[in-house]
There are 2 protein chains.
Amino acid sequence: MTLTRAPISKRGKAKAAADAGAASREKLLDAAMLVIRSKGYSAARVEDICAEAGLTKGAFFHHFASKEACAVAAAAHFAANADALFDAAPYTRHTDPRDRVLGYIDFRKAILQGELPQFTCLLGTMVQEAYDSHPTIRAACDRYISEHAKRLEADIAEAKTLYAPESEWTPQSAALFSQAVLQGGFVLAKAKHGAKVAADCLDHLKRYFEAILGAPAPRDEGKRIQ
Amino acid sequence: MTLTRAPISKRGKAKAAADAGAASREKLLDAAMLVIRSKGYSAARVEDICAEAGLTKGAFFHHFASKEACAVAAAAHFAANADALFDAAPYTRHTDPRDRVLGYIDFRKAILQGELPQFTCLLGTMVQEAYDSHPTIRAACDRYISEHAKRLEADIAEAKTLYAPESEWTPQSAALFSQAVLQGGFVLAKAKHGAKVAADCLDHLKRYFEAILGAPAPRDEGKRIQ
DNA sequence: GACAACATACCGACTGGTTGGTATGTAACC
DNA sequence: GGTTACATACCAACCAGTCGGTATGTTGTC
């Protein structure tokens, strides 16, 4: 029922049909991501998604039980894409956890490229309109946002231990705060039809982390706040 | 055509019919605010709004040319409500502009009460899904968000002149950053189905402003960053 | 102060296009 | 020959917007 992948054949190469199926499924998920990020979940028609994927409704309902199920799968797909992107990002190789935290923010700023539907967050977009009417979508968005925050939280926690062990804030709330700044930046970017506001917000966020983790140049230790 | 008010009779009291009309219009706008904040713009049916207002479609299309026009009017109504609320808020009476900025954040935190549709932002909710498909809605949301930010920007600018004249950030971007934190806080609150995350985000925001404007207690002047 | 002429506010049945979902067919592959 | 992976045709429900009608003012006129 909730199985989203065709079982892999016991031995030898994956089947051509299964490959084609998986490829079509991915096309549909990519299309769903784009369409939903462009017009929201409710306004996104399944035919829009099919057209974008170059497939038909037959294919859509072959792979997904419903529009809602597709949205949940798209959320997972979005999160998997993001995981791959951030795993491969260069900032993760910094040895200093504070550098990783600040590098994360720089990286988030660097990927604000292209049109709005290409860099805004599918999860934040969907949860805004679906949080009450579509519990499964809300749960999926919550899960993947929180999982992404957890990655960041780990670095923040390490940095805090090193540079601000006494301060009151928790790494968890700081990580979620970062996600809020990002989500809010996307909202403003949509309102103003451009990524600049979001980038400015990330500048403030970076300054905040520099403040609560101590300034990057280790000169005046007494400078830290809280 | 676009006249939304009956012409006021030359002299004497306003007419009963006009009063009733205005009252119904307001009921519809209040209902639209609630319904759209609950399920988003696309999923909000005009019959939902009518039912919530205790009126029928006849009344709806008597007062608004279209669903989209109603949404734009609801945005204006939302902004007017907000203006009244913040005009009356006690924090505005602080003489120190820094106190007003910090007081604004406290106030925003204090009004995170009740169910999600009661304290989340209509403008942010609508612009997420309508920014590309409904330009008039996007423009309205942009306008009212920016106008609200302008109010805050004035206090931030004053505080900056007093407490951080040298620092690099602009009052405008700091004001927009605050709005991003709020909007993002609402997104996370919806994902997590509770206001607590939003409140935590506002704690971080307040700490940020305390940092960039200098700590409230005027003891160590060298403590300010940037 | 009564009556005609008109305006405003609202109801609710109707319509026509839209849309999520289904049923059926078919081609390829194993 | 059975299963997978689609396409095509179709349906029933939904929903924004229309329209004829009614009730309740309001204004000018005599």
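Labels below follow one simple rule: chain letters A, B, ... track the order of the sequence lines, proteins then strands, and each chain is numbered from 1.
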Using five base pairs at each end to define the local axes, how bent is the helix from C:dG1-D:dC30 to C:dC30-D:dG1, to the nearest 10°? 0°
Closer than 4.0 Å, any side-chain N/O of A:His62 to the OP1 or OP2 of D:dA5? yes
What I want to check is whether the side chains of B:Tyr104 and B:Arg108 have a donor and an acceptor closer together than 3.5 Å. yes
A:Lys192-B:Ser146 side chain donor-acceptor pair, cut-off 3.5 Å: yes
Identify whether the distance between the nearest side-chain nitrogen and carboxylate oxygen of B:Asp203 and B:Lys109 falls below 4.0 Å. yes
Spacing of B:Arg25 atom CZ relative to C:dT8 atom P, expressed in whole Å: 15 Å
ring-ring contact (aromatic ring centres under 6.0 Å, His included) against B:Phe177, all qualifying residues, sequence neighbours excluded: A:His204, B:Tyr208
Check whether NZ of the Lys or CZ of the Arg B:Lys67 lies under 6.0 Å from the centre of the six-membered ring of B:Phe61 and within 45 degrees of that ring's axis. no
Could you tell me the separation between the CZ atom of A:Arg45 and the P atom of D:dC15, rounded to a whole number of Å? 16 Å
Output all residues satisfying side chain to side chain donor-acceptor pair (under 3.5 Å) with A:Asn81, sequence neighbours left out; order by chain, then residue number. none
By ring-ring contact (aromatic ring centres under 6.0 Å, His included), which residues pair with B:Tyr131, not counting sequence neighbours? none
Check whether the side chains of A:Glu129 and B:Thr125 place a donor and an acceptor atom closer than 3.5 Å, and report yes or no. no
Check: A:Lys39/B:Ser42 side-chain N/O donor and acceptor closer than 3.5 Å: no
Counting only side-chain nitrogens and oxygens, does A:His63 get under 4.0 Å of the OP1 or OP2 atom of D:dC6? yes
Between protein and nucleotides 17-21 of chain D, what N or O pairs are separated by less than 3.5 Å?
unit_1: D:dG17; atom_1: OP2; unit_2: B:Lys67; atom_2: N; d: 2.9
unit_1: D:dG17; atom_1: N7; unit_2: B:Lys57; atom_2: NZ; d: 3.1
unit_1: D:dG17; atom_1: O6; unit_2: B:Lys57; atom_2: NZ; d: 2.6

What does the list of N/O pairs under 3.5 Å between the protein and nucleotides 1-3 of chain D look like, with a distance for each?
none

Tell me the interatomic distance from B:Phe64, atom CZ, to C:dC10, atom C1', rounded to whole angstroms. 14 Å
